There are 2 protein chains.
Amino acid sequence: METLIADMAARARTAAATLARASAADKERALRAAAAALREDALAIVAANRLDMERASANGLSPAMLDRLRLDAARVAATADGVEAVAALADPVGQVIDGTVRPNGLALSRVRIPIGVIGIVYESRPNVTADAAALCVRSGNAVILRGGSEAVESNRAIHAAMVRGLAAAGLPADAVQLVATTDRAAVGAMLAAEGAIDLIVPRGGKSLVARVQAEARVPVLAHLDGINHVYVHADADPAMARAVVLDAKMRRTGVCGAMETLLIDRGFAAPAALVQALLDAGCEVRGDPADAAIGGIVAPASAEDWDTEYLDAICSVALVDGVDAALAHVARHASGHTDAIVTADAAVAERFLAEVDSAIVLWNASTQFADGGEFGLGAEIGIATGRLHARGPVALEGLTTYKWVGRGTGQVRG
Amino acid sequence: METLIADMAARARTAAATLARASAADKERALRAAAAALREDALAIVAANRLDMERASANGLSPAMLDRLRLDAARVAATADGVEAVAALADPVGQVIDGTVRPNGLALSRVRIPIGVIGIVYESRPNVTADAAALCVRSGNAVILRGGSEAVESNRAIHAAMVRGLAAAGLPADAVQLVATTDRAAVGAMLAAEGAIDLIVPRGGKSLVARVQAEARVPVLAHLDGINHVYVHADADPAMARAVVLDAKMRRTGVCGAMETLLIDRGFAAPAALVQALLDAGCEVRGDPADAAIGGIVAPASAEDWDTEYLDAICSVALVDGVDAALAHVARHASGHTDAIVTADAAVAERFLAEVDSAIVLWNASTQFADGGEFGLGAEIGIATGRLHARGPVALEGLTTYKWVGRGTGQVRG
């Protein structure tokens with residue numbers, strides 16, 4: 001398996017050198033052609049997906065897993081639309097980050113370049129094959145895709161369309177490679193391929209991300225948890241607090257940007273009404289039954305609740321004594337993903353924004369904005385909660401690095 | 001040992017939270033006070049260093065190692081000057097990298113913040129204790145310093161002065177901690193402290209860097225080799241080529257930015273004169289004795305020479321057929337550090353700058369400019385040849401990350 005991955009990575013490295021020099025127009029043309037190929041192949045892709053679905057049903061996959069796996073004409077069309085949207089994004093490669101002319105006349109600049117070879121390890125959603133490949137190609141990176149074994153036929157069909165797109169623009173087919181085997185050892189070989197693969201991005205559930213983070217020798221961009229807080233300050237407008245809290249928790253409960261813990265300041269006017277709004281929306285709310293303000297309407301919370309990412313219509317709620325207590329709770333329990341404050345007090349808000357050490361910190365806005373599209377980045381390869389390279393929604397820029405370019409006239413240090 | 005490092009890292013994390021919020025003025029005041037403390041303590045530091053020197057001599061350290069270890073009044077003063085120079089640098093923390101207002105009115109910006117807890121693993125030069133601590137404090141990071149056992153007394157004396165500086169500005173002493181034990185297991189515990197230490201920067205020889213890169217679970221910023229090339233193109237001005245090549249190789253032969261391989265285009269007018277200039281400067285030159293142009297004056301090169309970082313007055317030289325051959329040689333043998341071209345042909349130069357995949361690529365300038373100070377960065381924590389986070393000279397900005405800050409007026413995704 002190490003040999004297979006090493007061979008794929010070596011071919012990816014060669015393709016990456018070509019892709020790094022490809023024009024923005026060629027990369028855009030490749031992705032538009034890939035989108036067209038996805039549309040042309042829609043019937044074949046759906047037929048391939050049917051094979052995956054039948055095997056997955058026979059293997060007893062859960063209805064939620066089956067829904068993630070399922071492709072139909074509309075989903076293939078949406079995938080093609082997504083590839084075209086990435087094609088339309090500005091090319092980050094060649095951008096000059098900054099520059100200076102030194103006193104000796106040496107002109108220095110930092111220029112964005114692709115990272116090189118990206119590995120994507122993902123699970124049952126076959127659209128990731130197209131989405132991730134498009135983002136990598138647009139940013140000039142070669143990519144090695146390793147999807148879930150349950151989606152192998154779908155992934156092969158989508159991959160074939162992506163490669164046709166590369167060919168249409170004269171770009172190397174090895175720029176987008178799919179690991180053909182369903183042997184789980186392939187993932188281990190990718191994670192160990194230090195120097196051959198430059199970056200691994202896991203896309204999937206917590207157990208996948210945890211395995212990748214635990215095993216990888218290659219750098220990883222990912223988030224494990226989204227234990228996100230909304231702190232409703234004493235000076236929050238009750239209507240705004242209600243709207244933000246309901247959206248943060250209930251708009252979609254299964255996304256990583258969903259609120260999992262609500263912190264209500266003891267000075268806030270109507271804590272029970274806020275909790276009741278969540279209950280009325282169908283959310284289970286867990287808190288301290290001994291607390292006079294909300295105890296009568298909450299289910300009892302255990303100690304683990306404060307460190308739990310429910311990804312469901314469940315929420316923990318705590319009453320806190322002022323911003324210091326809120327900050328302490330967030331510092332102790334947040335997973336570094338997205339945390340928000342609702343308040344009319346700008347000074348308190350700025351303190352929260354400054355002191356909360358998460359990738360995304362919001363004032364008077366729903367945590368569900370944690371998304372590359374909502375941030376204006378076009379599309380995202382994922383959300384990262386690590387502290388190096390890129391944080392929060394990672395899009396094209398996060399798939400680049402830079403080099404220093406110096407133009408002189410014979411300067412020596414002497 | 002794991003307990004010791006975990007405890008130090010936990011205290012560093014607490015100190016880092018305070019330091020992250022410290023004003024630019026307070027951090028500057030701490031470093032100016034630290035520089036003053038170094039000057040006040042000069043006699044004590046030199047006396048402590050004498051103990052290290054005596055033990056090191058008795059242990060048979062090489063003269064080069066002893067010179068690196070040695071402190072005198074002038075070196076302590078230079079170290080204090082270096083800390084003051086870092087104090088004077090602009091504070092990167094709080095800088096707004098970019099910002100946008102979304103169509104829904106949500107104002108987003110990316111704000112620089114410190115990385116958190118940095119580990120520095122270094123060898124015999126005790127000035128690193130002050131230099132690295134100063135860069136970390138200036139960028140708002142807490143630091144855990146682990147110097148060489150041969151410099152333990154010197155490092156303790158310098159560390160004491162740095163901590164006095166922190167105290168003078170009301171900053172926590174735990175922001176700069178020195179691993180007190182000389183047990184080598186402490187390094188292993190630091191390298192394994194994933195999540196507790198955010199970044200490791202090794203400062204020292206190749207064996208130290210190799211060990212750190214091989215063992216670390218914590219991200220590492222470093223370079224292993226500086227196998228740097230100068231390509232003298234057919235259209236290079238011979239006088240400029242001579243000046244750049246001599247400086248790149250001979251200004252200082254032991255620095256990581258030194259040229260190790262000279263590539264001379266077969267179309268260049270005077271290859272033998274260029275090689276002779278190196279020989280006249282006292283450099284051993286290894287090449288192909290069968291090559292008519294230079295064979296008569298070079299020592300024979302073995303295959304390993306093309307992948308060797310001499311860090312000495314030795315250089316390999318190859319004649320190449322045009323820019324394609326030069327690029328191929330660099331792609332195969334360069335270590336991703338610093339490579340240069342000398343030519344009067346701008347189109348060829350731009351191609352070299354675009355296609356060479358090293359952290360620093362130079363046109364008509366000596367590779368010995370590979371240095372944070374020369375790049376106008378003030379000072380550097382090191383030079384990185386990895387592909388993520390920061391490349392080339394890493395200074396204050398490389399010791400920061402960012403968070404997304406969003407300011408809304410009640411926005412929900414709906």
Side-chain angles (χ1 to χ4, degrees), chain A residues 17 20-21 94 100 102 106 108 110-111 113 115-116 198-199 219 237 239-240 243-244 246-248 251 331 340 342 349 353-366 368-369 371 374-376 386-389 391-393 401-414, chain B residues 17 20-21 94 100 102 106 108 110-111 113 115-116 198-199 219 237 239-240 243-244 246-248 251 331 340 342 349 353-366 368-369 371 374-376 386-389 391-393 401-414:
Chain A
R21 299 195 293 269
T100 178
R102 300 293 303 149
L106 182 64
L108 283 168
R110 287 195 297 174
V111 179
I113 60 170
I115 289 174
D198 298 307
L199 179 70
D237 173 72
M240 187 193 290
V244 167
L246 282 177
D247 190 82
R251 174 185 161 269
V342 182
L353 296 174
E355 296 193 18
V356 171
D357 188 31
S358 295
I360 305 170
V361 197
L362 300 170
W363 173 24
N364 289 346
S366 167
Q368 298 230 357
F369 282 109
D371 175 272
E374 291 297 320
F375 276 32
R387 303 192 69 78
L388 297 183
H389 190 70
R391 289 185 99 202
T401 180
Y402 61 81
K403 66 179 169 190
W404 293 86
V405 171
R407 295 176 176 89
T409 51
Q411 280 82 353
V412 295
R413 278 194 73 179
Chain B
R21 300 195 293 269
T100 178
R102 301 293 303 148
L106 182 63
L108 283 168
R110 287 195 295 173
V111 180
I113 60 171
I115 288 175
D198 298 308
L199 179 69
D237 172 71
M240 187 193 290
V244 167
L246 283 177
D247 190 83
R251 176 185 159 270
V342 182
L353 295 175
E355 297 193 16
V356 170
D357 188 31
S358 296
I360 305 169
V361 198
L362 300 170
W363 173 22
N364 290 344
S366 167
Q368 299 230 356
F369 283 108
D371 174 271
E374 291 296 320
F375 277 32
R387 304 193 69 79
L388 298 183
H389 189 71
R391 289 185 99 203
T401 180
Y402 60 81
K403 65 179 170 188
W404 293 86
V405 172
R407 296 176 177 89
T409 50
Q411 280 82 354
V412 296
R413 276 195 73 179

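Proteins get letters first, then strands, A, B, ... in listed order; numbering begins at 1 in each. Worth saying up front: this structure is predicted, and the values here are computed from it rather than measured.
Considering only heavy-atom pairs separated by less than 4.5 Å from chain B, the leading option among A:Gln368, A:Arg407, A:Met240 is A:Arg407. Chain A forms the most heavy-atom pairs under 4.5 Å with one residue out of B:Thr100, B:Val405, B:Val342, and that residue is B:Val405. Chain A forms the most heavy-atom pairs under 4.5 Å with one residue out of B:Asp371, B:Val111, B:Leu199, B:Asp198, and that residue is B:Asp198. Chosen from B:Arg387, B:Arg110, B:Glu355, the residue pairing most often with chain A at heavy-atom distances under 4.5 Å is B:Arg387. Ranked by heavy-atom pairs under 4.5 Å with chain B, the first of A:Gly414, A:Ala243, A:Ala365 is A:Gly414. Ranked by heavy-atom pairs shorter than 4.5 Å toward chain A, the options B:Ile360, B:Leu106, B:Asn364, B:Leu362 are led by B:Asn364. Per-residue counts of heavy-atom pairs under 4.5 Å with chain B were compared for A:Asp357, A:Val361, A:Ile113, A:Thr409; the largest is that of A:Val361. Of all the listed residues (B:Trp363, B:Tyr402, B:Phe375, B:Trp404), the one sharing the greatest number of non-hydrogen pairs under 4.5 Å with chain A is B:Trp404.
Only the backbone of B:Ala354 comes within contact range of chain A, with heavy atoms under 4.5 Å apart. Of the two parts of A:Arg391, the backbone and the side chain both hold a non-hydrogen atom closer than 4.5 Å to a non-hydrogen atom of chain B. With a threshold of 4.5 angstrom between heavy atoms, A:Arg102 approaches chain B through side-chain atoms but not through N, CA, C or O. Residue A:Arg21 touches chain B through its side chain alone, counting heavy-atom pairs closer than 4.5 Å. Interface remark: A:Leu108 contributes side-chain atoms only to the contact with chain B (heavy atom separation under 4.5 Å). Both the backbone and the side chain of A:Ile115 have a heavy atom closer than 4.5 Å to some heavy atom of chain B. Residue contact with chain B, scored on non-hydrogen atoms closer than 4.5 Å, involves the backbone and the side chain of A:Leu353 alike. Heavy atoms closer than 4.5 Å to chain A are found nowhere in B:Asp237, neither backbone nor side chain. Heavy atoms closer than 4.5 Å to chain B are found nowhere in A:Leu246, neither backbone nor side chain. Heavy-atom distances place the backbone of A:Val356, and not its side chain, under 4.5 Å from chain B. For A:Ala20, no part sits under 4.5 Å from any heavy atom of chain B, backbone or side chain. Proximity to chain A involves both the backbone and the side chain of B:Arg413, based on heavy atoms less than 4.5 angstrom apart.
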Side chain to side chain contact (heavy atoms under 4.5 Å, CB included) between A:Leu388 and B:Leu388, worked out: CA-CA 8 Å; A:Leu388 297 183; B:Leu388 298 183; over 6 Å; no

Side chain to side chain contact (heavy atoms under 4.5 Å, CB included) evaluation trace for B:Val244 with A:Val412: CA-CA 6 Å; B:Val244 167; A:Val412 295; 4.3 Å; yes

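Looking at B:Lys403, its side chain never comes within 3.5 Å of a backbone N or O of A:Gly392 through a donor-acceptor pair.
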